[in-house]
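When a ligand or atom number is given, it counts from 1 through the structure's own listing order. Values below: every heavy atom of this structure, side chains too, minus hydrogens, waters and symmetry copies.
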Amino acid sequence: FKVPTPTNEPIYSYAPGTKERALLKNALVEARSKEIDIPMYIGGKEVTTKNKKTISPPHNHKHKLGEFSYGDTTHVKQAIDAALAAKNDWENLAWEHRAAIFLKAADLIATKYRYELNAATMLCQSKNAFQAEIDSACEMIDFLRFNVSYMAEIYQQQPPISPSGVWNRLEQRPLEGFIFALTPFNFTAIAGNLPTSCAMMGNVVVWKPADTQVYSANVLMKIFKEAGVPDGVINLIYADGPEVGEVVFNHPDFAGIHFTGSTAVFQHIWKTIGNNIHKYKSYPRIVGETGGKDFILVHPSADWQAAVTGIVRGAFEYQGQKCSAASRTYIPKSLWSAMKEKMLADVASFKMGGTEDFSNFVNAVIDEKSFNKLAKYLDQAKKDKDSEIICGGNYDKTEGYFIEPTIILTSNPKYTTMCEELFGPVLTIYVYEDDAFEATLKLVDETSPYALTGAVFAQDRYAIEQASVALRNAAGNFYINDKCTGAVVGQQPFGGARGSGTNDKAGAMVNLLRWVSPRTIKETF
Ligand code: NAD
């Protein structure tokens with residue numbers, strides 16, 4: 001069988017006057033016009049509870065978009081039972097049929113649900129139209145189509161060699177048990193990719209998204225159902241993370257976790273799994289993409305104007321809430337004055353506000369907890385002697401959780417905001433002496449425990465080579481003369497090592513291979 005050769009979904013710009021802009025605006029009005037009541041999905045059934053949580057846009061938190069049913073341990077158990085009940089039929093369905101279901105899901109997003117999905121992401125995750133287009137609709141479509149093509153390759157691999165009288169085979173079996181997909185708030189497409197990539201390979205899944213992403217998760221689930229994902233194959237529950245974990249990680253049929261989220265949560269989960277290892281039938285697969293403290297390093301030979309564009313886009317798109325966001329930058333003294341002037345002008349041109357006004361580039365941060373955390377860092381930076389806020393620094397939560405795009409200049413390359421993941425629109429800059437490039441490479445490598453993304457801007461070929469070698473382990477996605485965000489499925493497989501994850505590249509064949517357990521068969525004639 002040949003599956004369609006994937007290409008990246010074309011991205012709509014939503015420029016003024018376009019038909020797409022009008023359709024997206026309509027979807028936003030439609031979503032605003034009624035209060036939605038979101039159920040969980042267990043064994044194909046919509047499950048509601050009396051315990052409800054309110055959904056509000058982070059940029060307009062007094063407005064109620066609707067509510068969702070919050071589950072408890074009973075629902076987690078039901079979801080696991082439903083998954084295990086669906087397992088036999090699903091794993092025995094020929095892979096071509098599973099492929100067809102997920103290709104159909106991609107088509108449904110492209111042709112029918114694009115605006116609804118983007119509107120949900122814009123409203124519940126406070127993402128502007130363009131960011132929603134690339135990070136939810138297009139990336140989700142790409143994940144599905146490219147993963148189907150990798151899946152086909154896996155199932156159609158060349159068999160092992162067989163000498164005369166022997167037939168050797170390699171069978172790709174789904175994992176024995178259920179998979180737990182635990183997903184973050186910041187990318188609708190990542191949330192959808194974690195359960196679907198496992199399900200595609202014949203596994204059954206219990207999926208728990210972040211509470212702040214439930215609205216768009218619900219749209220995805222409707223799409224997966226309409227595409228033909230059978231009842232029980234993907235079960236979507238909303239509940240307290242640790243409570244869900246308590247049931248999942250104590251279950252003998254727990255076969256693996258596909259996680260994206262913070263490093264602290266992943267490390268806690270890893271330890272819990274380790275402590276429970278004797279309870280499981282098999283060693284569970286542990287795949288996690290976690291935090292980042294992503295860097296941009298500018299060399300004196302750089303095209304400094306391109307570097308400024310890369311830095312401000314990398315730092316402030318989606319309010320710095322991409323795991324790949326640029327949050328620490330190293331600039332040579334000779335370029336600093338010109339770069340500073342352009343950077344401040346660029347940032348001053350950003351409009352901040354709600355997502356429904358398409359001229360706003362910067363929107364709100366995800367919730368009050370994140371707002372308070374960021375405000376604390378800013379207050380501290382205002383007091384510290386080795387830091388100076390050169391733009392932004394203000395915050396206001398009257399209407400929404402707004403943090404001004406902020407640049408901190410520090411004389412201390414190990415200043416707190418150079419080391420810790422803040423997850424907000426805060427960029428810290430350290431200016432180095434031009435002749436200290438080599439020492440700066442060492443600083444970049446050693447300053448943070450993470451290794452997700454990083455970029456170097458340089459025209460000098462030797463400097464590019466030097467940075468590529470010295471920073472080999474500092475980033476799983478390394479960019480030369482480009483911003484450190486915006487990996488495209490099929491083009492730049494995404495993921496980091498060190499404290500940033502297990503580096504099982506999302507949207508790549510290597511990731512799908514984590515969700516199968518090969519069996520070698522030798523038959524002698
Ligand atoms: P988070 O770690 O707070 O939450 C992730 C998921 O885990 C959520 O569903 C949450 O409810 C659940 N959870 C939280 N504590 C739990 C516990 N003790 N037991 C079980 N489940 C628990 O992350 P977030 O705030 O939603 O997302 C932001 C984080 O994700 C950032 O650190 C970011 O860098 C990271 N991220 C990484 C990548 C990547 O590819 N490396 C991509 C996106 C986001």
Q. Of the backbone atoms (N, CA, C, O) and the side-chain heavy atoms from C-beta on, which set of Val244 has a member under 4.0 Å from an atom of ligand 1: side chain, backbone, both, or neither?
A. neither
Q) Is there a heavy atom of Gly496 sitting under 4.0 angstrom from any atom of ligand 1? A) no
Q | Thr410 versus Asn412, side-chain donor and acceptor atoms under 3.5 Å | A | no
Q. Charged N to carboxylate O below 4.0 Å: is that the case for Lys127 and Glu133?
A. no
(Q) Using a 4.0 Å cut-off to any heavy atom of Ile190, which atoms of ligand 1 qualify? (A) 42 (C), 43 (C)
Q) Which of the atoms of ligand 1 are close to His268, meaning less than 4.0 Å from one of its heavy atoms? A) 18 (N)
(Q) Check this for me - ligand 1, Phe249, N or O atoms closer than 3.5 angstrom, yes or no? (A) no
**Q.** Any side-chain donor near an acceptor of the partner, Thr121 and Thr188, under 3.5 Å
**A.** yes
Q) Asn118 and Tyr14: side-chain donor and acceptor closer than 3.5 Å? A) yes
Q: List the closest protein heavy-atom neighbour of atom 26 (O) of ligand 1: residue, atom name, distance to the nearest 0.1 Å.
A: Phe185 N, 3.1 Å
Q: Output, in order, the C-alpha distance, side-chain angles, deciding distance and verdict of ring pair (Phe, Tyr, Trp, His ring centres under 6.0 Å) for Phe249 and Phe180.
A: CA-CA 9 Å; Phe249 301 128; Phe180 182 33; 5.7 Å; yes
Q) Would you call Asp72 and Lys77 a salt bridge, taking side-chain N to carboxylate O under 4.0 Å as the test? A) no
**Q.** Asn186: numbered ligand 1 atoms lying under 4.0 Å from its heavy atoms
**A.** 43 (C), 44 (C)
**Q.** Distance-only polar pair, side chains of Lys505 and Asn503, donor-acceptor under 3.5 Å
**A.** yes
Q: Pick, from Gly241, Pro184, Gly476, Ser324, the option with the minimum heavy-atom distance to atom 22 (C) of ligand 1.
A: Gly241
Q) So, is the end of the Lys293 side chain (NZ or CZ) under 6.0 Å from the ring centre of Tyr450 and within 45° of the ring's axis? A) no
**Q.** ligand 1 to Asp211 polar contact by distance, N or O atoms, under 3.5 Å
**A.** no
Q: Answer side chain, backbone, both or neither: which part of Thr212 comes under 4.0 Å from ligand 1, heavy atoms only.
A: neither
Q | Residue portion contacting ligand 1 (non-hydrogen atoms closer than 4.0 Å) for Phe266 | A | neither
Q. What is the nearest protein non-hydrogen atom to atom 37 (C) of ligand 1, stated with its residue, atom name and distance?
A. Thr290 O, 3.0 Å
Q: State whether the number of non-hydrogen atoms from other residues, nucleotides or ligands found under 6.0 Å of Lys62 atom NZ is greater than 12.
A: yes
Q) What do you reckon, does Thr183 have a nitrogen or oxygen under 3.5 Å from a nitrogen or oxygen of ligand 1? A) yes
Q: May I ask you to decide whether Glu368 forms a salt bridge with Lys397, counting only side-chain N to carboxylate O separations under 4.0 Å?
A: yes
Q | ligand 1 versus Gln321: contacting region, heavy-atom distance under 4.0 Å | A | neither
Q) Can you find a protein heavy atom under 4.0 Å from atom 18 (N) of ligand 1? A) yes
Q. Any idea which atoms of ligand 1 are less than 4.0 Å away from a heavy-atom of Cys323?
A. 33 (C), 34 (O), 36 (N), 37 (C), 38 (C), 39 (C), 40 (O), 42 (C), 43 (C), 44 (C)
Q) Centres of the Tyr70 and His75 rings: under 6.0 Å? A) no
Q.
Would Gly261 count as being in polar contact with ligand 1, using the rule that some N or O on each side must be under 3.5 angstrom apart?
A. yes
(Q) Under the criterion salt bridge (charged side-chain N to carboxylate O under 4.0 Å, His left out), I'd like the reasoning laid out for Asp37 against Lys52: C-alpha separation, chi angles, the key distance, then a yes or no. (A) CA-CA 9 Å; Asp37 184 11; Lys52 306 280 188 194; 3.6 Å; yes
**Q.** Polar atom proximity, Glu421 to ligand 1 (N or O, under 3.5 Å)
**A.** yes
Q: Name the closest protein heavy atom to atom 12 (C) of ligand 1, giving the residue it belongs to and the distance to 0.1 Å.
A: Leu182 CD1, 3.7 Å
Q) Who passes side chain to side chain donor-acceptor pair (under 3.5 Å) against Glu289, sequence neighbours left out? A) none
Q) For atom 14 (C) of ligand 1, which candidate among Ile366, Val248, Val265 provides the closest heavy atom? A) Val265
Q.
So for ligand 1, is Lys208 a polar contact partner (N or O within less than 3.5 Å, distance only)?
A. yes
Q. Between Leu452 and ligand 1, which residue portion shows a heavy-atom distance shorter than 4.0 Å: side chain, backbone, both, or neither?
A. side chain
Q. So, Lys483 versus Thr485: side-chain donor-acceptor pair below 3.5 Å or not?
A. yes
Q | Minimum non-hydrogen distance to atom 2 (O) of ligand 1, winning option of Ser262, Ala181, Pro209, Ala210 | A | Ser262
Q. Just going by heavy-atom distances, which of Phe494, Phe180, Phe423, Phe187 is nearest to atom 31 (C) of ligand 1?
A. Phe423
